[in-house]
Amino acid sequence: MNFDLIKLVSPLTITPYPAYHYFCSMSITQQIQESVVKSLNELYPQGFSEKDFQINQTKPEFTGDYTVVLFSLVKSLKLSPDAIGNQLGDHLIKNSPDLFTAYNIIKGFLNLEINETYWLNLLQKNYNDVCFGKQAMNGKKVMVEYSSPNTNKPLHLGHLRNNFLGWSVAEILKANGYEVLKSCIVNDRGIHICKSMIAWQLFANGATPASTQTKGDHFVGDYYVKFNDEYKKQVKELTETGMSEAEAEKNAPIMLQTQQMLQDWEAGKPEVIELWKKMNGWVYEGFDVTYKNIGSDFDRTYYESDTYLLGKDIVQTGLDKGVFFRKPDGSVWIDLTADGLDEKLVLRKDGTSVYITQDIGLAQQKYDQYQIDQSIYVIGDEQNYHMKVLKLIAQKLGVPYANDIYHLSYGMVELPTGKMKSREGTVVDADDIVAEMIATAQQHTEELGKVKDFNTEELAALYQTLGLGAMKFYLLRVDPKKKMIFNPQESIDFHGFTGPFVQYTYARIRSILRKQSPDKSAAISAGLLPLEKEILLLIEQFPAAIREAARELSPAVLANYVFNLAKTFNSLYTEHSISNAETEEKKQLRLRLAMMTANVLQSGMQLMGIRVPERM
RNA sequence: GGUCCCGUAGUUCAAUGGAUAGAAUAGAAGUUUCCUAAACUUUAGAUACAAGUUCGAUUCUUGUCGGGACUACCA
């Protein structure tokens with residue numbers, strides 16, 4: 001058997017959904033809500049809305065599918081929960097017999113049983129719909145800025161979380177009908193860039209990535225490390241001559257050289273600019289390889305060397321408006337003490353701009369260029385203060401996009417031993433860890449020996465799919481806002497709550513469907529078994545999960561969702577045969593169930609940037 | 001000092017104020033003549049502490065203890 005490489009793994013990027021396609025029917029929760037509101041208002045005069053009660057999925061230990069929590073109604077109705085439950089339950093069944101078939105009340109909870117035909121119709125209508133759960137375009141435009149690398153060192157584990165998160169959030173927003181622009185701001189200038197340039201001049205003897213067979217970003221990063229080593233050495237030498245540490249740090253020759261180089265760069269000195277371009281070029285070649293490998297892409301890349309002068313004119317406007325004030329030395333500030341922050345510099349006394357100045361300028365430029373409705377910045381939580389300042393300044397300036405600035409603040413990735421520290425050499429390199437995951441995928445695959453007929457290319461694609469899938473899932477399964485621990489041992493596990501677990505479930509379904517697809521015209525069986533219904537309930541919640549993921553800007557919602565669905569399907573798979581089902585109608589039901597599960601798993605994984613394999 | 005964030009099984013993570021706090025992993029015990037055992041089943045194990053708000057608190061409020069981030073005329 002030979003499989004086409006293209007078809008072996010699922011596509012990564014989502015194609016825009018046709019405008020005519022959208023999930024038109026209301027979710028079951030919404031329908032229940034609506035029915036309950038209607039019933040309450042017909043039964044009682046008080047006047048109720050959806051906010052007056054809660055609908056939950058019924059806990060497995062009770063009979064029923066969805067549950068109305070009655071406590072919140074007790075006070076205004078002055079009736080016991082049981083009395084309300086009985087009246088409401090009767091009324092619901094009488095008025096919507098096609099939706100509700102039975103109810104029971106336990107300790108203030110009204111458990112409702114949903115008519116089985118609802119689930120069967122849902123399945124029959126959508127089992128082959130690969131767009132299930134996605135919304136039509138809503139005309140809103142969002143920019144998601146993520147990745148934002150420095151050109152003095154290679155990407156590390158923290159960047160991976162940023163990249164996977166930014167990319168996934170962009171796809172999730174697309175699935176919710178937004179037009180999304182992915183952007184990247186490259187920090188390509190400044191003192192830290194000059195550090196690696198100086199070190200290269202001093203120590204490289206003309207070496208290049210090509211001459212040393214090193215990936216460009218790693219090559220340059222090595223000189224950044226060399227700078228720090230040399231700097232430390234010089235500081236130590238100076239302090240040994242009796243100089244104070246602070247003085248030594250200021251006067252170390254290599255630091256003086258670096259500062260001179262920054263001035264030369266700003267003055268446009270040709271040989272400095274040339275070196276800068278050359279070394280950044282090496283870094284970009286390296287980044288391109290990494291980005292391509294991990295599946296990051298951008299619609300628009302901004303370079304700080306182009307934007308670092310932006311924002312000065314806005315500062316002038318702010319001065320005129322009295323938002324900013326000038327100190328006697330000529331520097332310009334904003335007073336944010338009333339907002340619980342400090343005074344913040346926006347323009348140096350020499351008239352040059354600082355970090356925040358260019359961010360103000362760039363925000364304005366993005367708005368002018370693209371008329372975006374929302375601007376999401378995927379940046380680590382160490383910059384919470386900075387982003388708060390940015391938004392505050394925008395608000396005080398009264399710019400129209402001020403309230404559309406949103407900082408998607410994600411937590412740091414830490415190791416079991418603590419924070420990653422470049423000085424202590426504990427930084428986990430992005431390329432290394434990805435390669436390690438792919439190698440682990442290869443090792444597992446070879447041990448299991450299930451795809452011995454694959455050719456070299458197919459194997460490479462599979463290892464990539466599995467290794468990267470495991471990595472992405474691991475970094476995305478945690479709530480982005482929270483810091484997370486990266487445990488190298490645990491991360492390479494391909495069992496349990498992992499990407500490969502979901503991929504495996506998908507592959508097993510595809511294996512069945514390759515041999516036999518559902519017969520479109522065939523009847524399906526009524527009388528759903530508990531596991532069959534459980535899967536349908538979960539599938540029905542997929543559109544809601546996509547919406548929630550967008551509302552929370554959290555791919556973790558999808559990771560949890562997809563895992564639960566896969567887990568439940570695996571139980572069904574073990575308990576009940578699909579191909580050799582009890583009856584032909586059962587078989588047709590389960591084939592549809594399998595197909596829809598596979599589609600939803602694929603969509604969900606795709607929204608996290610994870611491909612799913614046909615076989616593994 | 002100031003501002004902000006976080007404390008849930010041994011470990012890593014869940015839980016719009018709702019029922020007996022879920023998973024995964026590690027531990028223990030099982031499942032392969034049958035659709036892929038990267039799977040499934042069973043088992044044991046946790047809300048830092050103390051008050052408050054209420055029908056009900058992991059969730060909201062306050063305090064205590066513990067951990068972290070930020071607080072540059074760097075970017």
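All values below were derived from every heavy atom in this structure, side-chain atoms included, with hydrogens, water molecules and symmetry-related copies excluded.
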Where the side chain of Glu490(A) is concerned, which of rU25(B), rU12(B), rA37(B) is the nearest nucleotide?
rU12(B)

Using a heavy-atom cut-off of under 4.0 Å over every strand shown, decide if Lys481(A) touches base, sugar-phosphate, or nothing.
nothing

Pick out which of Asn56(A), Thr58(A), Asn104(A) makes a side chain to side chain donor-acceptor pair (under 3.5 Å) with Thr67(A).
Thr58(A)

Using a strict 4.0 Å threshold on nitrogen-to-oxygen distance, state whether Lys419(A) and Glu414(A) make a salt bridge.
no

Which part of the nucleic acid, if any, lies within contact of Tyr504(A), taking any heavy atom under 4.0 Å across all strands shown: a base, the sugar-phosphate backbone alone, or nothing?
base

If you count the non-hydrogen atoms of other residues, nucleotides and ligands that lie under 6.0 Å from CD in Glu245(A), is the total more than 12?
no

Measure from the side-chain heavy atoms of Thr67(A) and tell me the nearest of rA69(B), rG18(B), rA19(B).
rA19(B)

Taking only side-chain N and O atoms of Asn570(A), does any of them lie within less than 4.0 angstrom of OP1 or OP2 on rC40(B)?
yes

Rounded to whole Å, CD1 of Ile55(A) lies from P of rU16(B) at a distance of 17 Å

What contact category does Phe563(A) fall into here, base, sugar-phosphate, or nothing, at under 4.0 angstrom with non-hydrogen atoms?
sugar-phosphate

Scan Asn111(A) against the nucleic acid and name what it touches under 4.0 Å (heavy atoms): base, sugar-phosphate only, or nothing.
base

Should Lys586(A) and Glu532(A) count as an ion pair when the cut-off is N to O under 4.0 Å?
yes

Using whole Å, report how far OH of Tyr561(A) lies from C1' of rA23(B).
17 Å

Ranking rU36(B), rG17(B), rU71(B) by distance to the side chain of Gln54(A), first place goes to rG17(B)

Counting C-beta onward and ignoring hydrogens, is there a side-chain heavy-atom pair between Lys567(A) and Phe497(A) closer than 4.5 Å?
no

Using the P atom as the reference point in each nucleotide, state the distance between rU61(B) and rC4(B) in Å, no decimals.
12 Å

Determine the contact category for Thr445(A): base if any of its heavy atoms lies under 4.0 Å from a base atom, sugar-phosphate if only primed atoms, P, OP1 or OP2 are that close, otherwise nothing.
base

Identify whether any heavy atom of Glu575(A) sits under 4.0 Å from a base atom; if not, whether one sits that close to sugar-phosphate; answer base, sugar-phosphate or nothing.
nothing

Could you check how far CG of Asn152(A) sits from P of rC74(B), rounded to whole Å?
17 Å

Between Arg590(A) and Glu585(A), does any NZ, NE, NH1 or NH2 come within less than 4.0 Å of an OD or OE carboxylate oxygen?
no

Output the rounded distance in Å from CG (Asp381(A)) to P (rC4(B)).
15 Å

What integer distance in Å separates Gln489(A):CD from rA24(B):C1'?
17 Å

As a test of reading the structure: which of rC74(B), rA69(B), rA19(B) is closest to the side chain of Lys59(A), going by heavy atoms?
rA19(B)

Just call it for Met412(A): base, sugar-phosphate, or nothing, with non-hydrogen atoms closer than 4.0 Å on any strand.
nothing

Indicate, with a heavy-atom threshold strictly under 4.0 Å, whether Thr498(A) touches base, sugar-phosphate, or nothing.
nothing

Classify the nucleic acid contact of His192(A) as base, sugar-phosphate or nothing, counting any heavy atom under 4.0 Å across all strands shown.
sugar-phosphate

With a 4.0 Å cut-off on heavy atoms, is Leu448(A) in touch with a base, just the backbone sugar-phosphate, or nothing at all?
base

Please determine if a side-chain N or O atom of Thr574(A) lies less than 4.0 Å away from the OP1 or OP2 oxygen of rU41(B).
no

Can you tell me if Lys78(A) touches the phosphate of rC55(B), counting only side-chain N or O atoms and a distance under 4.0 Å to OP1 or OP2?
no

On the nucleotide rU12(B), are OP1 or OP2 found under 4.0 Å from the side-chain N or O atoms that Arg477(A) carries?
no

Base rU16(B) paired with Glu548(A) side chain (donor-acceptor, <3.5 Å)
no

Flag for Glu34(A)-Gln30(A): side-chain donor and acceptor within less than 3.5 Å
no

Do Glu458(A) and Lys452(A) sit within salt-bridge range, that is, some charged N less than 4.0 Å from a carboxylate O?
no

Mind checking Asp350(A) for me? I need base, sugar-phosphate or nothing, with any heavy atom below 4.0 Å counting as a touch.
nothing

Can Phe109(A) be called stacked on rG18(B) when the rule is centres closer than 5.5 Å and an angle between planes below 30°?
no

Geometric cation-pi criterion Arg615(A) and Phe454(A), 6.0 Å radius, 45° cone:
no

So, is Arg508(A) near the phosphate of rA37(B), with a side-chain N or O under 4.0 Å from OP1 or OP2?
yes

Looking at His495(A), I'd like to know whether one of its side-chain N or O atoms comes within less than 4.0 Å of OP1 or OP2 on rA39(B).
yes

Out of rA24(B), rG18(B), rC4(B), whichever nucleotide has its closest atom nearest the side chain of Lys388(A)
rC4(B)

Whether the side chain of Asp329(A) and the base of rC73(B) hold a donor-acceptor pair under 3.5 Å is what I'd like checked.
yes

Phe501(A) CZ - rU12(B) P separation (whole Å)
22 Å

rU36(B), OP1 or OP2 - any side-chain N/O from Ser511(A) closer than 4.0 Å?
yes

Looking at Lys327(A), I'd like to know whether one of its side-chain N or O atoms comes within less than 4.0 Å of OP1 or OP2 on rC73(B).
no

For Lys349(A) and rC73(B), is the shortest distance between a side-chain N/O and OP1 or OP2 below 4.0 Å?
no

Please tell me which of the listed nucleotides, rA19(B), rC35(B), rA14(B), lies nearest to the side chain of Thr58(A)?
rA19(B)

Using a 4.0 Å heavy-atom cut-off, does Ile485(A) contact any base of the nucleic acid, only the sugar-phosphate backbone, or nothing at all?
sugar-phosphate

Dot-bracket encoding of pairs in RNA chain B, which uses [ ] for pseudoknotted crossings and | for another strand, Watson-Crick or G-U under 3.5 angstrom
(((((((..((((....[...)))).(((((.......)))))....(((((..]....))))))))))))....

Does the side chain of Tyr66(A) come under 3.5 Å of the side chain of Gln57(A) through a donor N or O and an acceptor N or O?
no

Using a 4.0 Å heavy-atom cut-off, does Phe71(A) contact any base of the nucleic acid, only the sugar-phosphate backbone, or nothing at all?
base

Tell me what Lys107(A) touches on the nucleic acid: a base, only sugar-phosphate, or nothing, going by heavy atoms under 4.0 Å.
sugar-phosphate

Counting only side-chain heavy atoms from C-beta out, which of rG18(B), rC55(B), rU20(B) sits nearest to Glu61(A)?
rU20(B)

Rounded interatomic separation in angstrom, taking CZ from Phe569(A) and C1' from rC35(B)
10 Å

Start at the 5' end of RNA chain B and walk down; is the nucleotide closest to Val478(A) or to Pro500(A) reached first?
Val478(A)

Using the C1' atom on both, measure rC5(B) against rA9(B) and round to a whole Å.
24 Å

What I want to find out is whether Asp329(A) reaches Lys327(A) closely enough, with some N-O distance under 4.0 Å, to be called a salt bridge.
no

Whole-Å gap separating P (rC4(B)) and NZ (Lys483(A))
18 Å

Under 3.5 Å donor-acceptor pair, Asp479(A) side-chain atoms to rA15(B) base atoms:
no

So does Lys482(A) get a side-chain nitrogen or oxygen closer than 4.0 Å to the phosphate oxygens (OP1/OP2) of rC5(B)?
no

